[in-house]
Every structure is written in C-alpha cells, then in structure tokens.
Amino acid sequence: MRLPFILLFLLLSLCAGAQPIYTAKSGEIGFYSRAPIEDIEAHNSSVQALLNTSTREMAFRVPVRKFKFEKALMEEHFNEKYMESDKFPMATFKGSIKESVDLTKKGDYKVTATGKLMIHGVDHDITVPGTVIVKEGEINIESDFSVLLKDYDITVPQVVFQNISEKISIQVRLQFIPYTK
Amino acid sequence: MKKIYAFFAVVLVCVSWQASAQDDLMSQLQNDSTAPSEIVLATFKGFKIVNIQTPETVKKKNLDFRITHLFGNMGEESGGGIHTLYGFDQSNDIRIAFMYGITDRFNVGFSRCKRDENLEGEIKYRLLEQTLDNKRPLSVTVFSNMTYSPKEDADLTKAAYRMTYCTQLILARKFSDHFSFELVPSYVHRNLVAPEDENGIVSVGAGGRFKITHSTSIIADYVYNIGRPELVPKRYDPLGVGIEIETGGHVFSLMFTNASGILENDYIPNTVDNWGDGGYKFSFHISRMFSFDKPGWTKKQ
C-alpha cells in the first residue's frame, strides 16, 4: 500500500514543478503617434499578462486609464473622447506564438504572435513580430508593431487631423516571471 | 480500498487543477485583477458652464490663462441694436485670469476684471469625485474667492469697503456621456452695500450640459437669488445659455447671458439686465493651457 503514496507524492511534485504559466512582473506598453503638428506618446506600466510556455498562448489586459501622457489634457481627451475608457476600460490581446519554439529552453527567439487585439471594444485579428528572450526563471517579450485607428472605430475630427496620426506605433517591453497563485 | 479511492480523488483534483490553469489565460487574468473605482472624467468641459462654476479643475502643474469677454446688450430696448452692432461695440466686462493646479484637485487663481477694476484671488478644491461604480454618485467641490476693488471712489474710505467674498459648494453629477447636471448653493458677502440692500446673499445655481453631436453640446445655467430685497434698479437672476464646440484640443463656447459681470461676486448681486427686455449679451473666452509637468520618460525623437 505504499506505492500509491509514492505515486501521489511524485504527481504532486510534478504538478508544482510543471507550472508552465508566466506572468508579467514589470515593463510597459508604449504608443507613439507621429503627426505633422505634434508627436504624442504615452506609457502604461500597469499591464497584466500571462504566458503559457507549453502551449505558447498568451493573454494581455491593458487598463486604458493607466496610459500616462506628457500633458494632462491629452490624457483626458484620450480617455474621454477617443478611447471612451468609461465604456471600454480594457484593451486586450488574446493569441499565441505561431512558431513551435521551446520556451523552456534559454535563448532568443524571433517569433510572430497572432491573435485578437481588442481596443475601444472592437476585435481585430493581428499578426505581429516579436522577440522572446528566455532566461533563468525569467522571460522577456519585446514587440514593435502598428495599428490603424480606423480598424478600431476610433474617429479623429478633421480639425485635429494634423495633430493625431492615423497609424499608431506600439511598443511592448515586458518581463515575465513564473506565476504563483 | 478507501485509500485507493482517496488516491484517485487526489489525482483527479490535481489533473483538473492543472487543466484549468491552462484553460483560458484571459479569464484567469480577469479573476486575478481587482478593478479599482475609477473617477468619472470631464463632467463638464470648462471651468464654468456659462456663468456658474463647474467641478472641473486645472490639472497638476498646469496653468490656465484665460480671457473672458462679455459684450454689451444685444436688444435695442437695452441699448443694443444695429447701432452698437448688437452689443459688439461695447464690452460690459473683461476678465483676464490665471488658474494654476497645485494638485489635480486643488487650484489657486488670480484675475482682474474691468468692472470695478476688481482684483480677485480664488481657490477651488475637489472634495469628492464621482466614481464610475457609483460608490460616490456625485462630486463635491468647494470654490471660494475674495475681490478687492482699487477704483477711485470717495465713498470707499476703508480698504475693507472694497472687498467682497464668495463661497460655493458645487454638487455635480455626470448622468451619462450626454448629460451632466449640477447644483451650486452659494453665499456672497459684500462689505459695503447700499442702505436698502443686504450684505449677505444666499443663492442657488443650477446648470447642465447636454451633448447633441459627437463634439457639440448645449449648455445652460441659472442662479436663483433667495430673499433679495426690492432694489432700484431692479435686479434679475442671471440666466445663461450657450453652445459648446469641442475641437480636440480646444473647447469653444458661444454664450448668451443677461449677467452684468463675469465674477460670481458681481453677477449674483448686480445683474440689472433682463432677457425679456433684450438685456442679453454675447460672451466667449479664449484660453491657453501651459503645462509645467515633466513626463516620467525621455521623449523618443
């Protein structure tokens, strides 16, 4: 009757050791709008994200209100007028890494992530390039891509067309660590 | 046998736990995060509706520079008409003002007005802010100011005679994206008044903003004076209406009001013009926001 206990012990330790989920510990998502009259940028370091190293799936939640702008008025307009963050408080990405890379082994991996990006309540399929850097007990994700405002039903009035770019560059720099409940 | 069952039960729990952990990352994220009570933004678009104060404040380390212009009466019965280009030839009051954000919720300001050459110092503090989850269903803001008139007048024998004060409580709620409303109980005190008048005046203001298109709103406000004595000339309650047009960075307000002045201390006690007699004036302001706040990053060029 000892055998079940030994098996149980093994299984429990397997459960604990095989935890393949990583969570974003630090880092930020920034965006840049380059337009004839002004360049606007904003940074958000309250990103919530999970990465499953065995299925290579990932999920991001970005609280829209947490984007910090250079000017307080810009921040208010961004939330109130363009993103309507009262109605759509979160921007999310749900997707996975296409390439079958082994994220449990150390190294730098050039990958592409594909999935659904939701901004302003509108889902849009995207495929973006990125780099996954696997280190001891830490995974870094870097990605640079751009989105079009019209894909997410964000309208810019004609008068400020010269101030806000139609194409927004997005920069993701996040550090992940093993997830513990 | 019982032990075997127990073993399988544990295995089952273990496996299902691991399965659920991998199940849906997004729902796991949602379970992990607790949403804080978010503050409602932009109950109103300006620091005033037409005449009355709003709960809006200048953000931290920002300076609002503003020139408000109140033209003459438009109606012919009240001195307007074509020969003054409906009041545009006259300027009833002009206010040049600076308002600075010590914090996002606490502002100090200074202004100078044409009427009585009033110099004004003011503070505004947001005591409570409305939250999205309605834990706080309305915002409460305090506004208080003091004016000093340096005008030449033989009757003003003491410095105290030149001063007035106003304190207001601004109770506001943004009901939806399209509609905001506020009530403003206020107390104005003037150190020197005519014998038949009273020094202290209690009034209640009410005002709102109704959005009609993506960038256009109708604004209106009214101040009801409580228990004012009959005076000559007769005093009226100020009523303002206007259109607010947002253009991204700027908000243009085209306003019409019978108020005789721009300051609370002036238009609440001293409004002698009446809408019914053509005593309404056009008003607008130009403003510029200067930001002295440094961003927490170095800008990428």
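Quick caveat: nothing in here was measured; it's all calculated off a predicted structure. Numbers restart at 1 for each chain; the letters A, B, ... are given by sequence-line order, proteins then strands.
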- Message: Rounded at 0.5 Å granularity, tell me how far CD in A/Glu70 sits from CG in B/Asp293.
- Response: 9.5 Å
- Tell me, side chain or backbone of A/Glu75 under 4.5 Å from chain B's heavy atoms, or both, or neither? neither
- Message: Within the 4.5 Å heavy-atom criterion, are B/Met26 and A/Leu50 side-chain neighbours or not?
- Response: no
- Atom pair NZ/CG of A/Lys94 and B/Asp24 - distance to nearest 0.5 Å: 4.0 Å
- Message: Can you list everything that forms a side-chain contact (heavy atoms from CB on, under 4.5 Å) with A/Met118? Sequence neighbours excluded, please.
- Response: A/Thr92, A/Asp123
- Query: By a 4.5 Å heavy-atom criterion (distance strictly below it), what part of B/Ser291 contacts chain A: side chain, backbone, both, or neither?
  - Reply: side chain
- How about B/Leu25 and A/Thr55: do any of their side-chain heavy atoms sit closer than 4.5 Å? no
- Message: Working to the nearest 0.5 angstrom, can you tell me the gap between B/Glu38 CD and A/Asn79 CG?
- Response: 8.5 Å
- Item | Contact winner vs chain A - B/Val40, B/Val58, B/Leu41, heavy-atom pairs under 4.5 Å | B/Leu41
- Task: Can you measure from CZ (B/Phe290) to NZ (A/Lys71) and round to the nearest 0.5 angstrom?
- Result: 10.5 Å
- Partners passing side-chain contact (heavy atoms from CB on, under 4.5 Å) against B/Lys59 (at least two apart in sequence or in another chain): A/Ala72, A/Glu76, B/Asn62, B/Asp104
- Query: For the side chain of A/Lys81 and the backbone of B/His214, is there at least one donor-acceptor N/O pair under 3.5 Å apart?
  - Reply: yes
- Message: Within the 4.5 Å heavy-atom criterion, are A/Glu80 and B/Lys45 side-chain neighbours or not?
- Response: yes
